S.K.: 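What follows is a single structure, and I will ask about it in a moment.
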Amino acid sequence: MIRFDNVRKVYPQGTREVAALDGLTMEVGKGEFLAVMGPSGSGKSTFLHLSGGLDLPTSGSVSIEGSATSTLTDDALTLLRRRRIGFVFQFFNLIPTLRVIENVSLPLLLDGKRQGDARPRAEALLDRLGLGHRKEHFPDELSGGEMQRTAVARALVIDPAIVLADEPTGNLDSATGRGILELLKEVAEKEGRTVVMVTHDPAAAAWGTRTVRLRDGKLDGGAP
Amino acid sequence: MRALKALLRYFSLRHSIRHPLRVALGAAAIALGVALYVSVDAANSTVARSFERSMSDLAGKAELQVTTAGGLGVDAAALEKIRDLPGVIASPIVQRSLSLNDLKDGSLLVLGIDFGRDAPIRMYTFDTGGADAKEFVTAAFVPNSIIVTKRFAEKNGLARGSKVRTDTPRGRATLVVTGLMENEGPAKALGGNFAVMPLHAAQSLFGIPRRFDRIEVAPDGIDVAELRKRVKAALGDGYDVKRLSRKSTTVEVALARMKSMVVISAIALVVGLFIIYNSVSISVVERTHDIGILRSIGAGRRSILATVVLEWTGVGLLGSAGGVVAGWALSRALVDMVPKSANMLTFAVKVEAVEFSPRGAAIAIAAGTLAAALAALIPGIGAMRITPIDLLRQGTYTYRAAPAYLKTFGVGAFMIAAAAAALYFGEAAFHPTVHLALTTVSFFAIALCGPQATIWVARATRPLLRKFFRIEGYLAADNVSKFPQRTALTVVAFGGAIAVMVASATLVRSMKTASERWMRDAFPFDLSVNATDLSQAIYSTASYGEDVLEKVRKVEGVEAAYGVRAAFLPFDGLEIMLIAVDTDEYFAMHRARGGESSVRKFDTPEFRSAFMAGECIVVSENFARLLGLSPGDPVELPTPQGPRSFTMRASMEDYSWPAGSVLMDRGAYKRIWGDPSITYTDIRVVPGTSIELVRPRVAVALKDTSTVFLYDVPQLQKVGQDAMDQALALAHVQVVIALVIGFLGIVNTLLISVLRRTREIGLLRAVGTTRAQIRRGVIIESVFIAVMGSAVGIAAGLVGAAWPMRLYILRMAGFWFPFTVPWDSIGVAVGAGAVLGVIASIVPARRAAGLNVLDAIGYE
Ligand SMILES: Nc1ncnc2c1ncn2[C@@H]1O[C@H](COP(=O)(O)OP(=O)(O)OP(=O)(O)O)[C@@H](O)[C@H]1O
Ligand SMILES: [Mg+2]
């Protein structure tokens, strides 16, 4: 599903350069629920951004579903994100001026779906995530767990082949975090989607089918 | 499409609702710019249209007019050739504007007609008083008769049988009102200030026996093309057959002055554009995060660009629509002003109601909307460039490294140089609109230079500010140099408003100074004897006979006198003014008065003899400039014998007539045009004699010859100044509106500036900065911006007025005024800038000082 081939990602920091990823080679298979761990600054988020086509590698290649992201046009990448990839950000990243239901149905509308088609799907998903009573609220009226579930709903509403989640439980209490993890597991196991989750919590990582560790932008221990 | 709809609905509309003030300011700025344009356009087109309607009422069914080729008037032989053609109605016409003495509103347009030939062309309806129409015509069309409209009769208390007096080149004449016209057909023209008289009576009254001014031709059951063919074939060579013009070049020239004021509304629109640009930039920066989210969930780059541009196009459209309504209301006020000053130039333009011009409204809405769309384009492209990853790293979008500004500065400087070069080398070739466009481009170029210039100025002044205002000053300067783009935009928007003020003050001052100097220089005499009342019309060419000049010369206390014949000549689709003077006396009077005057520069005996031989002429500077003439070039003028070439010997400063004027010897004029009459006689009194002593003597001497109006130089200067003030009243209205737009811009940008710094201010407060320090910092920054803006605005305003706008005025209004710097207005601009800076900072400063620390830090 996702292939990294000797990927380097270098960021300029003032006059220096920092290699967030430094020759990373690995693969994520279809239907896998991969947990990515590693110390702060080890390149986990960078890995996720490249996996989602949000950013491009400095060298090496990242392929999503067989196509190298560096060779795709911005439009093709956009289409990929719009149709195939659901992203759950660490800090939710909901649009504050939109109601929950609007936030969740927006990806469908962006894909040219009618309101009348988008809304029921978004509602069904919110109901399933236990947010049926929050549909008409604005993000700042929600609790952290509710916001994170809304973000998950927004990622899932397009039926993505790949779900990428950056510390989805990082800011949540354990009970709420557990709900999210259950949902991601279900999505991977029952619906056959590929799920990549970044976390620094070993207990959360245990929910995955496989765990990799990053250190200084490389696989820790070299094990694939 | 649906994606765009969703974006517009959820991304644009929500944001706009959250920031109504910003949207309103942007819309208001566009609205004011549009209102300016619409009001000028509506006032102009109302006057022009009402005149055109008068002209069509007057023209009736006539389609063509015949004159001698390249000449003035037409002879009876032409009429012989076409009078009996089948399908052709030909009517010879003598047309004059006439002033009837002792009447309240006595100036009118009179047509000398052959009733039998003219009746099929113009539908006259006479009040026959019960008599048979034929009998009425026979009785009314007799020598020394005039038939006026009922409206004219009522206004002036005339009835059938009333006697009216008028002055003609052959002396005073008495006419009898032999009939009244119902207010229909041609009688509706010119608000009823219209009359007819028998053709022969008109020919003898105006001293043109056996000649007509033109022959009007109407079709009788054939189409116009066929009509033209038949008339041309019958006439043969030597004649011009033209479509009868329903426009008056004179009125158009008069209106061009008003139209040139459009330049200010264009600049106002540019300032509005900057306000919108600022608002859009900020709204994009504010939404960087949202845009990042949208991009990461699959919104395309073009959709983002389209959304941002459409959003502000909508604001522009709303603003423009509002502007059209406001402008139309404003034009109701202007329409009172415009015809007044148009009337000064020609005879009666009567405006009943403001006419809505759909074309003007459409142009204004298009311009306003386009301005908004353009203003949104660059920030929109910035928005398009936001990548999903920017969402995780805010701040990178606004903060760019210095070299980028150096490059922009280079581009801006290059653009300014290019626009200047284009203007310089292409001056004559360009259409006025191109001048306008280049001016606008330069304005943008200044904006491009802004950020880097701001960095330099801020860095240079930082030590000073620190010294005088301690930490607050340092913070203000630091803030300015760290976010040069934001500051530069404010500076340029503010500068734009100040530039409008300075530029229009400069133009007004240049016009006034130049025309005042001209009126001092050009009038070497003490007293002028005019055939018309200048309070009614300043450009009347009504005249009297040469006997007036002879009598004036004999008056005791008159040292010298010369006659002047002022007449209009068709030239290149316009009408130019011909001024013929008695050469010896005219130049002698200039020499006798002494002092510097442009006439004396070319006054040599050799010149005078060539001048009197009718070989050469002197042209006004605007004429030379409009035609690109230099001394020695030939100028071809129409004469009764056809076109005739004269050599241009020199140019002189002269603001008599926008389309240009030509000075020639009166003896030569008399010989060539066969017209001995005089429009005014200028007198120099014997040195030491009081003008007030001579004035009544002249009046007495002419008592039985002609009704004349006597003016001394101060009186003439006042007439000229009043006419100028009339025309410029409009400019003042515009400057006020432009300043309001500028002020809106300052408030807008400062509010945005504080809003953008909310977090910064919160942090400063958190680390121990006091409220007072924060407040002072904002005020210092505001005044800093205002002072820089004033400097930019004054420079831009002066340069703009000195050159591109002066060129524009030349093309539109016909005058090339020497450049005068209005120091007092510049002082006012500097003061106003500083005061506005302080005022504009009040609310933002209070808002900044009153911020709750925690809320501020938490802000977005
Ligand atoms: N846009 C950027 N510009 C400059 N440096 C960056 C950028 N993004 C990441 N880095 C740097 O790259 C390195 C890896 O960052 P990354 O965010 O991938 O780490 P992480 O493993 O997600 O850390 P954390 O657990 O703290 O979230 C860090 O040193 C970071 O400072
Ligand atoms: Mg991270």
Side-chain angles (χ1 to χ4, degrees), chain A residues 9 11-12 14 45-46 48-50 52-56 73-99 101-118 138-140 151 154-155 157-158 160 164 166, chain B residues 1-20 22-23 283 286-307 311 381 383-396 399-403 855 858-860:
Chain A
K9 178 68 187 176
Y11 290 111
S45 294
T46 306
L48 216 56
H49 296 153
L50 295 186
L54 292 179
D55 209 351
L56 297 175
T73 62
D74 187 79
D75 286 344
L77 271 179
T78 301
L79 214 61
L80 193 70
R81 286 200 298 272
R82 188 193 291 168
R83 301 231 165 114
R84 308 294 295 166
I85 298 169
F87 217 105
V88 183
F89 295 96
Q90 187 170 3
F91 297 105
F92 325 134
N93 282 331
L94 300 174
I95 295 180
T97 49
L98 299 190
R99 294 169 202 283
I101 181 73
E102 290 163 347
N103 261 295
V104 174
S105 50
L106 194 56
L108 293 172
L109 297 176
L110 286 176
D111 201 32
K113 301 280 183 302
R114 292 170 195 287
Q115 278 282 356
D117 295 337
F138 285 99
D140 61 3
R154 185 179 64 192
V157 76
I158 55 164
L164 305 170
D166 198 348
Chain B
M1 245 352 261
R2 288 209 195 95
L4 200 58
K5 218 172 94 189
L7 282 175
L8 281 173
R9 178 168 166 191
Y10 290 129
F11 176 69
S12 295
L13 210 57
R14 288 289 163 82
H15 189 79
S16 306
I17 290 170
R18 268 212 175 177
H19 301 279
R22 194 175 310 155
V23 173
S283 81
E286 263 175 2
R287 286 182 289 180
T288 301
H289 192 250
D290 289 3
I291 293 171
I293 296 173
L294 288 171
R295 294 279 286 127
S296 69
I297 60 173
R301 302 205 297 180
R302 279 185 299 277
S303 317
I304 297 285
L305 172 66
T307 307
E311 171 183 322
I381 289 171
M384 185 174 96
R385 295 238 174 90
I386 292 173
T387 64
I389 218 72
D390 285 318
L391 137 78
L392 305 155
R393 355 205 71 251
Q394 278 208 65
T396 45
Y399 191 79
R400 265 196 275 151
D855 286 353
Y859 175 82
E860 210 158 343

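Just so it is clear: chains get the letters A, B, ... in the order the sequence lines come, proteins before strands, and each one is counted from 1. Just so we're clear, the structure is a prediction, and the values are computed from it rather than from any experiment.
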S.K.: Which answer fits A/Arg83, side chain, backbone, both or neither, if we ask what part of it has an atom under 4.5 Å from a heavy atom of chain B?
M.R.: neither
S.K.: Counting only heavy atoms closer than 4.5 Å, note whether A/Leu79 contacts chain B via side chain, backbone, both or neither.
M.R.: neither
S.K.: Checking heavy atoms, do the side chain of B/Ile297, its backbone, both or neither come under 4.5 Å from chain A?
M.R.: both
S.K.: Give a yes-or-no answer on whether the side chains of A/His49 and A/Asp166 include a donor-acceptor pair shorter than 3.5 Å.
M.R.: no
S.K.: Given a strict heavy-atom distance threshold of 4.5 Å, which part of B/Arg295 is in contact with chain A: side chain, backbone, both, or neither?
M.R.: both
S.K.: If we check salt bridge (charged side-chain N to carboxylate O under 4.0 Å, His left out) with B/Glu311, which of these qualifies: B/Arg9, B/Arg287, B/Arg14?
M.R.: B/Arg287
S.K.: Under a 4.5 Å heavy-atom cut-off, does chain A meet the side chain of B/Ile17, its backbone, both or neither?
M.R.: neither
S.K.: Do B/Arg301 and A/Asp75 sit within salt-bridge range, that is, some charged N less than 4.0 Å from a carboxylate O?
M.R.: no
S.K.: Which heavy atom of A/Leu48 sits nearest a heavy atom of A/Phe87, and at what distance?
M.R.: O-CE1, 3.7 Å
S.K.: Any side-chain to backbone donor/acceptor pair from A/Arg81 onto A/Gly52? Under 3.5 Å, distance only.
M.R.: no
